[in-house]
Structures are given as C-alpha cells and as structure tokens.
Number of protein chains: 2
Amino acid sequence: MDAHLLRTFVAVAECGSFSAAAAELGYTQSAVSQQIAALESNLGTALLHRRPVVPTPAGERLLEHAGPILLRLDAARADVLRVVGEPPGSIVFGATPLAASPHVARALTELRRSRPGIEVTFAVAGREEVARGVAAGEYHLGLVDGIAAPSDPLKLTAHGTTTAVQNEPLVVALPTDHPLARRRRINLHDLLDARWIDAPEVAAPLPDLRAATETDAIRSTLTYTGTDVLSLLALVAAGHGLAVLPASLTLPGGVAAVPVESPRLVHRTELLHGHVDEPAATTLAAVLADAGERSTG
Amino acid sequence: MDAHLLRTFVAVAECGSFSAAAAELGYTQSAVSQQIAALESNLGTALLHRRPVVPTPAGERLLEHAGPILLRLDAARADVLRVVGEPPGSIVFGATPLAASPHVARALTELRRSRPGIEVTFAVAGREEVARGVAAGEYHLGLVDGIAAPSDPLKLTAHGTTTAVQNEPLVVALPTDHPLARRRRINLHDLLDARWIDAPEVAAPLPDLRAATETDAIRSTLTYTGTDVLSLLALVAAGHGLAVLPASLTLPGGVAAVPVESPRLVHRTELLHGHVDEPAATTLAAVLADAGERSTG
DNA sequence: CGCTGTTACGCATCCCGTAAGGATA
DNA sequence: TATCCTTACGGGATGCGTAACAGCG
C-alpha cells in the first residue's frame, strides 16, 4: 500500500475516470490502470467498479482512510521542514467564515502585539481547506468552527494541535414573519418538517444536525456553497429556508434568531496550528478563549 | 516519503542502531543506510545523528508523525479486509486493566446475548497496545481507560470509532496511616511534594497529572510497569507512594481513597472498534454506558 | 583492531510509457 | 465506431546485496 498508489486511487475515485485521473496526476492512463491493479492485487480485493468507475464497498472504506493518511504525510513533511527552516517572515492565517468574523480582529491585535511589524494574511476558506492547509503548512494558524455536543471536540482531520477557543449557544435563523420567530427557545425536533438551507460553510452543516437529532428527516431544497454569511442571511430573510447559526452573530433586519434548546449543541471554535508556531499559538488561543469567555458569559 | 522508509526510520530510531534495525526488518545494514539516506535527501535535512544514533530535532518531529501514519496504514488494510472477509467466528476483546475490571463481565454478558455461542477472548494489555491492536484488526473491540478533563476525549492514536462508555471521579490512593488518609477530598496541588508511584498502565499516568496540574513537580521514585492493579495497591499500602485511581475501584485493606477535588479530572473509559463491527459495538457501548450511568449515579 | 555506518558497483526488479487488444455503449 | 480500460512489451530508474572503505573506541 504505497502512498502514491493511494494518491492515484483517491484521484481516480474523485474523477470517476482513470483517464481523467491520469491527466490530473501527469501519468498515462496505462500507468493509472497498472497502479490500481497493483493496489487491488495487494489488498486481494476489487476497489473500483469499472464502467462506470465507482468505488466498491471495500474501496469506500479505503477512501475513508486514504485522505487522512495522505494529509498526514503532507503534515509530517511540512512539520519537519518547519523545524529546519527559518521562522516565517509573514503569517498566513486561515479561518472559516463563522470563526473569522468574531475573532479575526482580536487575533490580528494579538499577532501585532506579539510580533510587531509582521505581515499577516487572512484567508477565509472552508473547513476542510483550512484544516488541510494548516496540516500541510500552507497556513500557520487556522480558526475552524463547527457544531458539537458540549465539550466535545470538532471532528476534523487535523494533524497539528487543536485548542478550543470558544463554545457558544446556537440559534435558528428564520424570517421575522415566520410563525416561530417570536419563540423564546426551540427544539430542533419541532423543525424536522421545515425547509432548511444547506449552507455547510456558513451555517451548521445539515449532516451534523441530522446526527444530533438522530434522524435524517432534515431536508433541504436549496444549497448555498459560498462563504459569505450575509448572503445566506438574505436567503433566510426571503423565506427560502432556515439555518442554524452561532448565537453571537449580529443579524440584519428581516432575520430573527431563536435559541436552540434541544438537542444540546454548541457552536465551537478551535484554533489549529503546526508544532513550530506553538508558543505564539498558545498565547493567541488564550487571548481568543478569554475573549470568548467574556463575550458569551 | 515512502511508507517503508518511514518504517525503517522508526525501527532505526527505536533500536538506536542501523544494524539492529536491519536485522529486525530483514534487510542488510547497507540497505537501511541507503533508505535513511534517501529519506534525509528527500526531506533535505538530517534526521539522525550517527554514533550514537539519535534523532535530530527534525527526526523527533518526524517520529511523532511516523507511528500514527504507519498505524493508520495498517488500520486501512485491516478495515478493507474486514469488509471483504467473513464475519469472525470468535471475538477478540482487548482492554486496559482499569477498563477491564469494571466492564468485562457486563461486556461478556452482552456479547453472549447478541451472538449466542460465540467464542470470546479477553486480552488485558496496555493502552497503546489495545489502541494499536484494534486499529490493526487484531482485536475486534477494545476498552481503554484514561484520565481527561470532564467531557474531553482521551488522547489516543485510534483510527476506528471511539465511544465514551463511562466518566467517573478520581481518587488518590494512599496508605490508611497516611496523614491525609481521612480527608474528605483533596487537591492534587497539595500533593506536589508527595512521592508517587509511576504506574502508567494501572493508574493515572503521571505525565497526564503533570499536564493537568500544569506543573512538572509530580515526581516518582518507583515505577511499576505491570498490569495487575492489586500489586500496585500493595505497593501503595506499604507506603511506597501514591497513585490516582478511578473512584469505583474496590480497595483492599491498608489503602484509603480520597476523592480528587481539583484539578477537575475524570476517569474515562472509551470503547474502540473497527468499522465492520459497528452494529454490535453500538449496542455494546450503549449497554456499558448505561451500566456506567447507574453505577456512578 | 573491532564495530558500525557509508560508498561503490552489479544485478534483479519495478514501474512507467508506447502500442496493441478487448469490452461496452 | 468511439471511448475507455486492460494487457504486452521494452527501457530506464530504483533498490537491494555484496564487498570494499572510513570513522570511532
């Protein structure tokens, strides 16, 4: 099970085509075919159906491992190089939208204080991209949000250190003219029939809500893949569907927020960093966590 | 960064010798030398000092990643093979000592109920061994204990699914004639000057206590590497040192238990399992967790 | 000198690319 | 027939082992 075999296997599975994967990886179709054959022979089982190219159950299982393994290999390399290389002249800071908005200003203040004159780049991206980028050394620090049971960690495929920065309650965002908009609190089980907006990057991902409510009844007719929270809120205000958001978000007109009472969930923010940035990251995490404590009581 | 290069790197680092690692892996010394050279050239930095053979800082960092990567590769293979292979005719159940004693009987009852007539093997081993064995498919199920902040997960390098089974308070075990033995509760910070027994497999590991108390003052003059709890308690009764244990443990004469009030820590037990055993594991986890709830209030 | 790691060199293997073959729509 | 994956085959690179060499006690 060589690493590059896993890499091409992932590429083939993602592309759904040997030839497309070959083009993407710079191989010939023949080489890709041979590599997949080698992997299947090594494991003694078929991993892909052909025509169409779809993973077998065994292939699905391997896919679950392959991504994290390859990520960790990149993380290992990045980590070793960080030990050897000089400290970076600038800091690249990745954050998911719902993590960035409450924390970016404070993080910048702390970074300016601890490393005067240093150049900082903020990049807002999706959860997987931030986790991957921090592991691979492209970002020095990352802030990732998500929902979880109270005190549970986020389920990230992260390979550096993760530090909890903030836990805060959740709210359901709904149009102000929605019949439930004036409720004092709400139970997600009462909203199983509602229409949800599937906005995995700027709201609680629906799969997480399904897991938390232990049902797959939560359904959506509108998917929003962007990273701009205001756009999502405009959709909510226009009645296209509901979304679960952190309570601290300041909402524009037309959108009401009702605290989620059950199931017990929190919006959690975690700071990720590679090993070498550890001292700076520790104080940064402390500052952010302290701010989180104060703002959420 | 090929997987087998990592494997030989780990072996060399563990053996502290190229030739010993070569013997262990079935290579010649020359091959090992070439492999390490290839890895170092690939990463562009030295990983090992020679004579004596000791990891460089970069090598230390790589070592932190290499173990989990190799484990995960084994886990991936085991997982794929489980999908393909037939369901096992017998179940191998691994557990750490402090996880086994309260749960083994109940787990056996549940396994007998869910799979009548099935043959079950219980193996008591260290934390790393159980986590590794479950990932590699040698054990079908594993119970691992450890200490953690309340609701925090254990820090294991596990690659299957982990489910919390029990959280319970901690006690300090001390001889009945110890001056603090009649206290109603105790703060670990008051015991920094005490003498501790370093028994990582049958008591709270001292490094965890140091991390929790945020000091490295906790020191030990006696190490116990076995997996028999009673032997440790005999050492405690004889005044050789203190140990932190789960509160539910029934203590023999000569040993007193004082609840730990601060820092806030719990003794946590988690069930590990590979993917394929999921249905059985889920109900087993539920049964164990239910029992834990009842026994600890 | 004895031990251990490195370097040189030859050989087997592996792996990719080219090109031909076969299966499916 | 067109597309896509597989197979056959050749050449280059890789990687191991043998053996000679070099540093350290």
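Just so we're on the same page: letters track the sequence lines, and every chain starts at 1.
- Counting distance only, with no hydrogens placed and no angle test, the side-chain atoms of A:Ser19 and the base atoms of D:dT3 include no donor-acceptor pair under 3.5 Å.
- Remark: the A:Ser30 side chain and the A:Thr28 side chain contain no N/O donor-acceptor pair separated by less than 3.5 Å.
- Taking atom CD1 of residue A:Ile36 and atom P of nucleotide D:dC5, one finds them 11 Å apart after rounding to whole Å.
- For the pair B:His4 NE2 and D:dG15 P, the computed distance is 6 Å after rounding to whole Å.
- In terms of position on DNA chain C, the residue among B:Phe18 and A:Asp2 whose nearest nucleotide sits closer to the 5' end is B:Phe18.
- Heavy-atom contacts from other residues, nucleotides or ligands closer than 6.0 Å to CD of A:Glu119 number 12 or fewer.
- A straight line from CG of B:Leu39 to P of D:dT14 spans 16 Å, rounded to a whole angstrom.
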May I have the step-by-step check of salt bridge (Lys or Arg N to Asp or Glu O under 4.0 Å) for A:Asp198 and A:Arg219, ending in yes or no? CA-CA 8 Å; A:Asp198 186 14; A:Arg219 64 196 201 290; over 6 Å; no

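- Using a 4.5 Å heavy-atom cutoff, the side chains of A:Val202 and A:Asp228 are not in contact.
- B:Val53 comes within contact range of the sugar-phosphate backbone alone, with a heavy-atom separation under 4.0 Å but no base atom that close.
- Interface limits on DNA chain C: the 5'-most and 3'-most nucleotides within less than 4.0 Å of chain B heavy atoms are C:dT4 to C:dA8.
- Taking atom CD of B:Gln34 as the reference point, atom C1' of D:dT14 lies 10 Å away to the nearest angstrom.
- Using modelled atom types, one finds no donor on one side chain facing an acceptor on the other under 3.5 Å when comparing A:Gln34 with A:Tyr27.
- For A:His140 (side chain) and A:Val92 (main-chain N/O), a donor-acceptor pair under 3.5 Å exists by modelled atom type.
- Atom CD in B:Gln29 sits roughly 12 Å away from atom C1' in D:dA19 (whole-Å rounding).
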